[in-house]
Amino acid sequence: MTADDDNLRFFRARHATFSQILASQRDDDALLAQLLGDAFDNFEQALQARMDAGAPVACDRGCATCCTVRVTATAPEVLHIARHLREADPAVCARLVRRLAAADDDTRDADADDRVALRATCPFIDDDGACAIYAVRPLACRGHASHDRTACDRAACGEIDDIPYSVAHRMVRSLVQNALQSALRDAGCSWASYELNHALMLALAAPESEADWLAGDDVFADSQVNDVSPAEMARTFDWLKAPGVRIPAG
């Protein structure tokens with residue numbers, strides 16, 4: 001079996017699991033936790049299998065050099081983080097929401113390149129460089145890792161353009177997130193990717209957004225990111241799920 005065949009099998013397994021969770025727990029208050037618990041656990045398991053023979057990553061607590069890029073997330077991830085913030089200590093929540101609102105004002109209309117040029121640090125990065133929502137951070141953050149911290153620092157200063165990112169992290173993130181989006185689409189839920197800052201502000205401003213999303217409304221449409229067209233993504237998902245499909249070698 002080739003690596004592409006293994007990736008296809010992994011995508012289909014994750015899609016099937018996400019679909020089962022959405023079908024059986026649609027009205028369960030624990031749906032988001034179950035859906036994302038599975039996503040995050042399988043991301044870590046699949047990543048470990050691919051990283052065992054590879055170079056180690058150089059990311060650790062307090063290293064937030066890359067936490068200036070635009071972050072996208074699916075609706076379940078946005079809603080899960082919004083829940084996490086609402087359940088936090090009120091003073092902590094208020095502080096983070098103030099920082100989030102300021103960041104949203106600065107970054108709302110910025111594309112990926114503009115965000116890199118802006119060098120605006122994520123509003124959830126504390127003074128010590130740690131992530132305040134680390135436990136519920138989206139797949140985009142989990143799938144972004146470097147093999148060389150010095151290269152990241154030099155890139156941040158504009159000295160170099162290329163950073164040795166972990167291919168394994170990016171591949172596993174893509175497989176898990178695409179399987180989740182495909183299952184959401186099949187379940188009649190909005191399945192796009194959204195810019196995190198603005199989507200979170202929308203979620204926090206409307207406590208009913210979770211119920212509305214489950215009812216089929218695209219509650220974060222104003223923050224949607226279309227780096228790849230939804231039509232193209234839908235065609236790809238349908239092709240990957242089609243019986244007998246195999247990814248050709250090379």
Side-chain angles (χ1 to χ4, degrees), residues 1-28 30-47 49-50 70-81 112 136-144 167-196 199 203 209-210 212-221 223-248:
M1 178 177 289
T2 68
D4 285 337
D5 287 332
D6 186 54
N7 287 338
L8 179 58
R9 183 175 64 174
F10 179 78
F11 170 89
R12 288 176 171 175
R14 298 278 50 78
H15 176 274
T17 299
F18 292 142
S19 294
Q20 188 276 328
I21 293 173
L22 285 162
S24 64
Q25 301 187 45
R26 186 71 172 257
D27 299 322
D28 192 328
L31 172 65
L32 295 177
Q34 291 291 329
L35 200 61
L36 294 174
D38 184 90
F40 297 157
D41 287 348
N42 279 279
F43 172 86
E44 294 297 336
Q45 293 168 13
L47 179 63
R50 288 164 169 78
R70 185 189 65 185
V71 175
T72 61
T74 59
E77 293 172 288
V78 173
L79 292 167
H80 194 48
I81 296 170
V136 294
R137 70 198 188 282
L139 286 163
C141 299
R142 295 167 194 261
H144 193 85
V167 174
H169 279 74
R170 289 189 167 187
M171 173 59 73
V172 177
R173 174 262 175 122
S174 178
L175 290 169
V176 174
Q177 181 170 319
N178 287 343
L180 175 58
Q181 290 178 280
S182 179
L184 292 172
R185 173 176 172 250
D186 289 352
C189 298
S190 59
W191 52 277
S193 292
Y194 306 97
E195 192 276 321
L196 183 62
S209 57
E210 187 172 322
D212 290 344
W213 172 75
L214 283 170
D217 293 346
D218 190 356
V219 294
F220 305 127
S223 62
Q224 184 167 331
V225 173
N226 292 319
D227 292 341
V228 179
S229 75
E232 181 179 346
M233 290 184 68
R235 286 193 296 269
T236 300
F237 293 160
D238 289 340
W239 179 75
L240 289 170
K241 293 181 296 180
V245 166
R246 292 193 64 185
I247 300 176

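Values in this document were obtained by computation on a predicted structure and should not be read as measured data.
Nearest heavy-atom pair across A168 and R50 is CB-CB, 4.0 Å. Taking every heavy atom of both residues into account, A140 and V71 meet most closely at CB-CG1, 4.0 Å. When all heavy atoms are compared, the tightest approach of L214 to R26 is O-NH2, 2.8 Å. Closest approach of K241 to R12, counting heavy atoms only: C-NH2, 4.2 Å. Of all heavy-atom pairs between L196 and A73, the closest is CD1-CB, 4.1 Å. The two atoms that bring Q177 and S193 nearest to each other are NE2-OG, 3.4 Å, heavy atoms only.
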*Walk me through it: do Q224 and N226 pass the test side-chain hydrogen bond (donor to acceptor under 3.5 Å, both in side chains)?*
CA-CA 6 Å; Q224 184 167 331; N226 292 319; 2.8 Å; yes
*Any chance you could lay out the side-chain hydrogen bond (donor to acceptor under 3.5 Å, both in side chains) test for H15 and N178, step after step, and finish with the verdict?*
CA-CA 8 Å; H15 176 274; N178 287 343; over 6 Å; no
*Stepwise side-chain contact (heavy atoms from CB on, under 4.5 Å) test for E77 and L36*: CA-CA 7 Å; E77 293 172 288; L36 294 174; 3.7 Å; yes
*Might you work through the side-chain contact (heavy atoms from CB on, under 4.5 Å) test for R70 and V225, ending with a clear yes or no?*
CA-CA 10 Å; R70 185 189 65 185; V225 173; 3.7 Å; yes
*Is there a side-chain contact (heavy atoms from CB on, under 4.5 Å) between Q20 and S24 once you walk through the steps?*
CA-CA 6 Å; Q20 188 276 328; S24 64; 3.2 Å; yes
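Checking each of T74, I21, L79 against L35 for a side-chain contact (heavy atoms from CB on, under 4.5 Å) leaves exactly one that passes, namely I21.
Residues passing the ring pair (Phe, Tyr, Trp, His ring centres under 6.0 Å) test with F237 are W191, sequence neighbours excluded. The ring pair (Phe, Tyr, Trp, His ring centres under 6.0 Å) search around F220 returns Y194, not counting sequence neighbours. Taking W213 as the reference, nothing meets the ring pair (Phe, Tyr, Trp, His ring centres under 6.0 Å) condition, with sequence neighbours excluded.
Proximity of a side-chain donor or acceptor of R137 to a complementary backbone N or O of I81 within less than 3.5 Å is not detected. Side chain of D217 to backbone of V219: no donor-acceptor contact under 3.5 angstrom is found. Side chain of T236 to main chain of E232: a donor-acceptor pair is present (N/O by atom type, distance under 3.5 Å, no hydrogens or angles).
Within the 4.5 Å cutoff, no side-chain heavy atoms of S190 are placed close to those of L184.
Rounding to the nearest 0.5 angstrom, the gap separating the CD atom in Q181 from the CG atom in D186 is 12.0 Å. Within the model, atoms CG of L31 and SG of C189 stand 8.0 Å from one another, a figure rounded to the nearest 0.5 Å. Remark: N42 CG to L175 CG distance equals 11.5 Å, nearest 0.5 Å. Taken to the nearest 0.5 Å, the CG atom of L240 stands 10.5 Å off from the CG atom of N7. For the atom pair CG of D6 and CZ of R9, the computed distance is 5.0 Å after rounding to the nearest 0.5 Å.
Annotation: cation-pi pair R173/F43 absent, no NZ/CZ under 6.0 Å from the ring centroid and within 45° of its normal. Relative to the six-membered ring of F11, R14 misses at least one condition, a distance below 6.0 Å or an angle of at most 45° to the axis.
The pair R235-D238 does not count as a salt bridge, with every side-chain nitrogen at least 4.0 angstrom from each carboxylate oxygen.
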